[in-house]
K.L.:
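My questions will all concern the structure given below.
Keep in mind that what you see is a predicted model, and the values were worked out from it rather than measured. Start at 1 and go down the list; that is how both ligands and their atoms are numbered.
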Amino acid sequence: MSLSQQEFIDLFNDKLTTTLGIRVEEATNKEAYQTVSLLLKDIILRKWQLTQTNQLETDEKQMYYFSMEFLLGRLIESNLLNMGLLEVCENALKELGFEPAQVFTEEHDAGLGNGGLGRLAACFLDSLASLNLPGHGVGIRYKYGLFQQKMVDGYQVELPDYWLNDDYMWETKRSEKAVEVHFGGHVTLEKKDNQYTVHHQNYERVLAVPYDVPIVGYETDAVNTLRLWSAESMPNSFHFHSPKGHDYYHYLDYKRSVEQISEFLYPDDSYYEGKLLRLKQQYFLVSAGLQSILKRFKSKHQSFQLLPQKVSLQINDTHPSLIIPELMRILMDEEKFGWDDAWEITTSTVAYTNHTTLVEALEKWPTEMVKSLLPRIYMIIEEINERFCQSIYFDFPHLREKIADMAIISYEQIHMAHLAIVGSYSVNGVAKLHTDILKNREMKNFYTVFPERFNNKTNGITHRRWLLNVNRDLANKITGAIGENWIQEPRELIQLIKYADDASFQKQIAEVKHTNKEKLAAYIKEHYQITINPNSIFDVHIKRLHGYKRQLLNLFHILHLYQLCVDNPNYQMVPRTFIFGAKAAPGYHFAKQVIKLITATAEKVNNNPATKDKMKVVFLENYKVSLAEKIIPAADLSEQISTASKEASGTGNMKLMMNGALTIGTLDGANIEISDMVGPKNIFTFGLTSDQVFDYQKNGQYRARDIYNSDKRLREVMDKLLGTFFSPDDVEFKNIYYSLLYNNDEYFVLRDFDSYVEAQQHVEQTYRNQQSWLKKSITNMAHSGKFSSDRTISEYANQIWDIHPQ
Ligand SMILES: *Cc1c(COP(=O)(O)O)cnc(C)c1O
């Protein structure tokens, strides 16, 4: 797409007149934002319509990515960038008297996700479109995204995220494509001539209305679709009988309960919450999404036998795994397939991505709940379970005593991961270690039964958003050195290796980093009135607050340094700024206490004369995509310190590496692959390995108390949690202390403390030698191409979906 600056200005003025009826001098930043997005959408809509016609005509196979979360952030810049209009738009806005950054900030983040899992889905959409692949997203249009975090006296307070208060500029409501989803009621089977007919009666009817968001690829013509479903009541389906008018109140109850379905996103993807409403949301997504896909398929094809050749359904974690019984239901009850044929089609169409082995995150639904909410679906799950258990009994006699562990239904619960594995043709983990743990430990028995299904697809991030767009100065320096090939072929970043030792390139990289740090410092000064030193090490820990991510370990290091400075006023250290960003799930008490401990530590460190010039601790409020985009370009050090085996992959690690930060990390998730790429000299690894963690869990020989007793530094740090150091009433943090000592520190914080402190000393030594630091930083950037989601998506496309550039 190419437009001259004048053409852009003309389009802008025209839109402003025809939609808002105002002159440019009167327009606010918000109105300028709305105008730019409207004129952009005009251009996108043309291409979108062409793509849809084209995709239907050529009848190429389509992939649909089902996810309860899409953490899109803002789209304005990435749409402009991908359409080749970013620069001309910025110049035009300046010419018209606007500050482009101010205008773009008017877009509210679309926060329809918790963290990594939802952001992964968003990066995948960008890569699918940019690789010209026919792949689309299917999700829920939550009225409220993930809560907004407000800090009050150092505590997290949750506020609703009214992201739809201003119109969402990128969506288009498609009322004519609405479908019905049915809940509750009862089911009877009628047998006639050896054929069953299913009667489902007295169900509640819900209208699912799609809102489509166009997904624009980088310099490609095709525009894919993210279809977000919204739940609406059906006034006409409600029978008003009673002359007394009570029915009206029943109707309001019904309306209210329907609208709740797409009202809010459940917090925290690493914390399983069994709620009826959440189950309703999952079935709503799956049923609505599948119906509309099958409608399209039917418009082209006579027989569903062809479905697996024309459609792949990828499920992002187990949340959408009801798609398996739902597809069976439609094939059998509506399309009149027998069980075996329907099963063959279903298990050749659905593919499953596993995201976690944390026991507390594995989804299980009470059978009673599923039976009453989804009676027909429950019958089908029972049959799937029955046949699966039979097949183990007869075909894998050596696994007979494992049947209870492997069953889909056991102890009155439905195990969604088991359903997902049994009902799909591909099961993938999201990093090498994670896939190995699935194969050899967590899902070992399933791996014995279905070895060909298991495969690895290491996660990735879109380098267009996370490097090209958020760090344009760095991108320019890279292009200056190696040309612009890397934008299309991110693996070409490896050419940077030639410049790792180049003094002039090092200087350029250092200057960009310094400028980015100054910008972040200015932002922090403006919003938090804290002065930070741009020459200090920016030590960054940004991710959801969770025990396994071990923000506590980082804090213990900070408190240890604090103690060193207080004990010795002449203690020499490279100044550091510790930057945190994290939301805690509202019901996760421990995580909220850790947030309070971070802010309490900040108060101490930032104000004590012994520390305030050497260290600063900053907790940035309301961590989200657009905040990550501010922090990451300024980071020196990337904290990836999860308990080994717990972080399936991580993607924050990749974003930071791509922007030249060095990693301090455990041998967990994708950290291992980062280490394999850059070599051990270019990453600071420490701590227990996953095997050591498994050994401790097996032999039960971990004693947190012994480590506490034997390490004076730890005692000094931890005793601060009990005494009056933080608060006069000395109860605030005792839970944290107890969880470590009396509950035996399930995340091995104490065990890894010594090794972490040593790794941090190594960080400091390295940083003192700027040449050596910069060489490592460039080496990290050079190897980051592997972690582009373009690589990940190519692997999915070739090895799982069999889809091709359109
Ligand atoms: C990338 C990203 C995450 C995931 O970070 P991890 O460090 O992999 O947990 C979470 N939230 C946001 C806003 C992100 O951009």
Side-chain angles (χ1 to χ4, degrees), residues 67 69-75 78 108-126 145-149 161 163 265 267-271 316-317 355-356 358 361 430-431 433-434 458-467 469-471 539-551 553-554 579-585 591 620-633 635 637-643 646-659 661 663-666 668-674 784 787-789 792:
S67 178
E69 305 189 12
F70 286 91
L71 192 48
L72 297 174
R74 296 187 182 123
L75 286 183
S78 105
H108 195 102
D109 275 41
L112 308 183
N114 275 290
L117 175 143
R119 185 54 232 174
L120 183 78
C123 283
F124 280 6
L125 293 180
D126 185 75
L146 184 62
F147 67 85
Q148 306 247 31
Q149 178 191 58
D161 173 44
W163 74 293
L265 163 78
D268 205 338
D269 52 22
S270 53
Y271 206 77
N316 196 19
D317 213 329
H355 278 273
T356 184
L358 293 184
V430 291
L433 174 71
H434 171 59
T458 300
N459 281 168
I461 55 165
T462 166
H463 62 288
R464 288 167 289 271
R465 176 181 291 260
W466 293 109
L467 173 53
N469 193 35
V470 302
N471 202 345
D539 182 334
V540 167
H541 204 163
I542 46 174
K543 49 187 75 245
R544 289 185 62 82
L545 207 311
H546 200 288
Y548 85 81
K549 290 178 183 280
R550 296 202 294 192
Q551 280 91 352
L553 180 57
N554 186 345
I579 297 170
F580 290 89
K583 287 178 183 171
L620 297 180
E621 182 176 78
N622 202 27
Y623 181 57
K624 57 179 174 174
V625 173
S626 57
L627 184 58
E629 291 172 352
K630 284 197 176 67
I631 301 169
I632 289 171
L637 187 65
S638 161
E639 298 274 352
Q640 307 299 337
I641 61 177
S642 54
T643 310
K646 302 282 184 193
E647 186 77 271
S649 163
T651 48
N653 46 5
M654 302 168 185
K655 299 167 195 166
L656 285 151
M657 168 201 201
M658 204 174 262
N659 282 272
T663 303
I664 182 164
T666 45
D668 199 17
N671 296 352
I672 295 176
E673 287 157 76
I674 292 176
S784 68
F787 301 103
S788 165
S789 45
T792 316

K.L.:
What I want to check is whether the side chains of Asn316 and Glu69 have a donor and an acceptor closer together than 3.5 Å.
P.N.:
no
K.L.:
At less than 3.5 Å, what protein N or O atoms come close to the N or O atoms of ligand 1? Include the distances to 0.1 Å.
P.N.:
unit_1   : atom_1 : unit_2 : atom_2 : d
ligand 1 : 7 (O)  : Lys543 : NZ     : 2.6
ligand 1 : 8 (O)  : Thr651 : N      : 2.8
ligand 1 : 8 (O)  : Gly652 : N      : 3.0
ligand 1 : 9 (O)  : Lys549 : NZ     : 2.8
ligand 1 : 15 (O) : Lys655 : NZ     : 2.6

K.L.:
Is there a donor-acceptor contact under 3.5 Å linking the side chains of Tyr548 and Glu647?
P.N.:
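A pair is found: one side chain offers a donor N or O, the other an acceptor, under 3.5 Å apart.
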K.L.:
Just checking, any donor-acceptor pair under 3.5 angstrom between side chains of Ser626 and Asp109?
P.N.:
yes
K.L.:
Would you check, one step at a time, whether the test salt bridge (charged side-chain N to carboxylate O under 4.0 Å, His left out) holds for Arg465 with Asp126?
P.N.:
CA-CA 9 Å; Arg465 176 181 291 260; Asp126 185 75; over 6 Å; no
K.L.:
Got Lys646 and Arg550 here, is their nearest side-chain heavy-atom distance under 4.5 Å?
P.N.:
no
K.L.:
Strictly below 4.0 Å, N to O, side chains only: are Glu639 and Lys543 in salt-bridge contact?
P.N.:
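No, no charged N to carboxylate O under 4.0 Å.
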